Amino acid sequence: MEAVAPVAELPWTDVWGQDAAVTALRNAATHPDALSHAWLITGPPGSGRSTLAYAFAAALIAEPGDAAAMKQVLAGTHPDLTALRTEQVIIRIDEARRLVERAYFAPSIGRYRVIVVEDADRMTERTSNVLLKALEEPPERTVWVLCAPSDADLLPTIRSRVRTLRLREPDVAAVAALVAARTGAAPAVAEQSARHAQRHIGMAQRLATDAAARERRDETLRAVLGVRGVGDAVDVAGRIVQVASEDAKALTAERDESERSSLLRTLGIADGAAIPPAVRSQISALEDDQKRRATRSLRDGIDRVLTDLQSMFRDVLMLQYEREGDLINRELEDDLRALARAWPPARTLDVVDRLAATRQNLEQNVAPALALESLLITVATGRTP
């Protein structure tokens, strides 16, 4: 399949491979009778949910042809756009309450006020309930746009109040062509990155442009293939957590320091000066937010490892059932064939089930090292600890 070119005109310029969704949202932004007051855009990670949400917001807020206003919305700076992008484990209830408050403001200069909630699946039941009335009876000129991997990730009461738009999943060749065009990566690297990222566009771009990330992924999968006993399981689990922790620190350390320095300047406190008692609560609140973000970053890093492991054991199952033409990890084919011969399919399925259970354990705040050790013991022995 050939890559689908992005829609050329604003505000849809960066939307790629979702022509049907663009047509539906463009029609809704143009014809009030086709516009719902609340939308849910669903699709797998990397499918462009957020990109499409902001493009839709720009089409709703700006007058037709007003490129300056559209660009302001896309940049996230328009006064009639309210967006929630959480980098923490969950969306907090106070954040949801602030969104609801903003939803009842009339548009200041645009045609509509638009509330975009990325990662709406991170809302707890209590947080979701805060949104219910606002979604059920919004002001006439307010539109909600929620984003989540699947409508099943939200409460039925939320799903019943939104119009769902499901995005299509592009194939590997299309993602590879896009990655090569955007990054300049060699076609072979782009294809490998698209395959290893399982068509997640953002992750494919990261792999294509980061040789170290590609190497870490390969080393992790080979290390798991080499687990033979409890000692190996403990060792490899510790290494995975260490690498994920280092990645999380690298992603957050510079930003944390910049945020702290900016807050101190705003409060009129010189670098190195003592923190007055009157403002210590603000510093503590920032540090608490940063700790939650670091926890989310670590979990996201480990989740990426689990996704890679799922792809590997999925390949083993494909080989065991003689479906060999669609391997994700072709570079490991010899090792995967050996494993497919050594194990019965039931054991591979047990590992796949354990991967899903490990994800659930991590969401319930089980220590990452313990969760991974348990998983790798199942890999090594075929038994659940």
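On a predicted model such as this, the values are computed, not experimentally measured, just so you know. No hydrogens, no waters, no symmetry mates; every other heavy atom, side chains included, goes into these values.
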Value rounded to 0.5 Å, distance of CG in Asp353 from OG1 in Thr384
8.5 Å
Under 3.5 Å, is there a donor-acceptor pair between the Ser50 and Glu118 side chains?
yes
Heavy-atom side-chain proximity of Leu99 to Trp144 below 4.5 angstrom:
yes
Side chain proximity check, Arg214 to Val189, heavy atoms < 4.5 angstrom
yes
Do the side chains of Arg122 and Asp119 get nearer than 4.5 Å, heavy atoms only?
yes
With a 3.5 Å distance limit and no angle check, can you tell me whether Thr42 reaches the backbone of Ser150 through a side-chain donor-acceptor pair?
no
Could you walk me through whether Val172 and Gln198 satisfy the side chain to side chain contact (heavy atoms under 4.5 Å, CB included) test, starting with their C-alpha distance in whole Å, then the side-chain angles of each, then the deciding distance to 0.1 Å, before giving a yes or no?
CA-CA 7 Å; Val172 168; Gln198 298 178 63; over 6 Å; no
State whether a side-chain donor-acceptor pair under 3.5 Å links Arg359 with Thr307.
yes
Check: Arg113 and Pro79 side chains under 4.5 Å, non-hydrogen atoms:
no
Please step through side chain to side chain contact (heavy atoms under 4.5 Å, CB included) for the pair Leu332 and Leu327, ending with a clear verdict.
CA-CA 10 Å; Leu332 301 175; Leu327 296 184; over 6 Å; no
For Val179 versus Ala208, what's the shortest heavy-atom pair and its separation?
CG1-CB, 3.5 Å
Run His31 and Leu35 through side chain to side chain contact (heavy atoms under 4.5 Å, CB included) and show every step you take.
CA-CA 7 Å; His31 301 99; Leu35 179 62; over 6 Å; no
Honestly curious: do Val243 and Leu372 fall in one hydrophobic cluster under the side-chain, below-4.5 Å linking rule?
no
Checking Ser281 against Ser284: is there a side-chain donor and acceptor pair closer than 3.5 Å?
no
Are Ile115 and Val145 side-chain neighbours, meaning at least one heavy-atom pair lies under 4.5 Å?
no
Looking at side-chain heavy atoms only, is the closest gap between Asp121 and Pro149 below 4.5 Å?
yes
Close side-chain approach of Val305 to Arg217, heavy-atom, < 4.5 Å:
no
hydrophobic_cluster_shared for Leu355 and Met318, side chain cutoff 4.5 Å
yes
Using modelled atom types and a 3.5 Å cut-off, is there a donor and acceptor pairing between side-chain atoms of Ser36 and backbone atoms of Ala38?
no
Arg159 side chain to Asp153 backbone, donor-acceptor under 3.5 Å:
no
For the pair Ser374 (side chain) and Ala371 (backbone), establish whether a donor and an acceptor sit closer than 3.5 Å, ignoring hydrogens and angles.
no
To the nearest 0.5 Å, how far apart are CZ in Arg161 and CG in Leu135?
7.5 Å
Between the side chain of Asp210 and the main-chain N/O of Arg206, is any donor-acceptor distance below 3.5 Å?
no
Provide the closest heavy-atom pair for Pro276 versus Ile269 in the form atom of the first, atom of the second, distance.
CD-CD1, 3.6 Å
Roughly how far apart are Leu309 CG and Thr358 OG1, rounded to 0.5 Å?
9.5 Å
Could you tell me whether a side-chain N or O of Arg199 sits under 3.5 Å from a main-chain N or O of Asp171, the two making a donor and an acceptor?
no
Answer yes if the side chains of Arg168 and Gln18 hold a donor-acceptor pair under 3.5 Å, and no otherwise.
no
Does Leu132 share a hydrophobic cluster with Val162, counting links as ILVMFWY side-chain heavy atoms below 4.5 Å and allowing steps through other members?
yes
Just do the salt bridge (Lys or Arg N to Asp or Glu O under 4.0 Å) check on Glu191 and Arg195 with the steps written out, would you?
CA-CA 6 Å; Glu191 187 278 336; Arg195 182 163 34 85; 3.0 Å; yes
Identify the two heavy atoms, one from Thr51 and one from Asp14, that lie closest to each other, and give their separation to 0.1 Å.
CG2-O, 3.6 Å
Neighbour count above 12 (heavy atom, 6.0 Å) for Arg323 CZ
no
What orientation do Phe313 and Trp343 show, parallel under 30°, tilted 30 to 60°, or perpendicular over 60°?
parallel
Can you name the nearest heavy-atom pair linking Ala244 to Gly301, along with the distance?
CB-C, 4.4 Å
Any idea which heavy atoms bring Leu155 and Ser128 closest together, and the distance?
CD1-CB, 3.6 Å
Side-chain donor-acceptor contact under 3.5 Å, Gln320 with Thr348:
yes
CD1 on Ile201 to OG on Ser193, rounded to 0.5 Å:
13.5 Å
Between Arg337 and Glu333, does any NZ, NE, NH1 or NH2 come within less than 4.0 Å of an OD or OE carboxylate oxygen?
yes
Out of Leu81, Val143, Val73, Ile41, which residue meets the side chain to side chain contact (heavy atoms under 4.5 Å, CB included) rule with Val116?
Leu81
Test item: Arg347 side-chain N/O and Val379 main-chain N/O as donor-acceptor pair under 3.5 Å
yes
Taking side chain as C-beta onward, heavy atoms only, is Trp39 less than 4.5 Å from Thr164?
no
Do Glu140 and Tyr112 pair up side chain to side chain, a donor and an acceptor below 3.5 Å, judged on atom types alone?
no
Any donor and acceptor pair, going by atom type alone, linking the side chain of Arg163 with main-chain N or O of His37 inside 3.5 Å?
no
Transitively linked via ILVMFWY side-chain contacts under 4.5 Å: Leu84 with Ile93?
yes
State, to 0.1 Å, how close Phe105 and Thr142 come at their nearest heavy-atom pair, and which atoms those are.
O-OG1, 4.1 Å
Could you walk me through whether Asn361 and Arg354 satisfy the side chain to side chain contact (heavy atoms under 4.5 Å, CB included) test, starting with their C-alpha distance in whole Å, then the side-chain angles of each, then the deciding distance to 0.1 Å, before giving a yes or no?
CA-CA 10 Å; Asn361 291 339; Arg354 193 63 192 165; 4.2 Å; yes
Between the OG1 atom in Thr209 and the CZ atom in Arg182, the distance rounded to the nearest 0.5 Å is 12.5 Å
Quick check: is Leu306 connected to Leu317 through a chain of hydrophobic side chains (ILVMFWY, heavy atoms under 4.5 Å apart)?
yes
Donor-acceptor contact present, side-chain Asp80 to main-chain Pro107, <3.5 Å
no
If we ignore hydrogens and angles and just use 3.5 Å, is the side chain of Arg383 paired with the main-chain N or O of Thr378 as donor and acceptor?
no
Quick one: do the Glu331 and His196 side chains pair a donor with an acceptor below 3.5 Å?
yes
Inter-residue atom distance Leu339.CG - Asp315.CG, 0.5 Å rounding
11.0 Å
Any salt bridge linking Arg304 with Asp308? Criterion: basic side-chain nitrogen under 4.0 Å from a carboxylate oxygen.
no
Do Asn329 and Arg314 meet the criterion of a side-chain donor-acceptor pair at a distance under 3.5 Å?
no
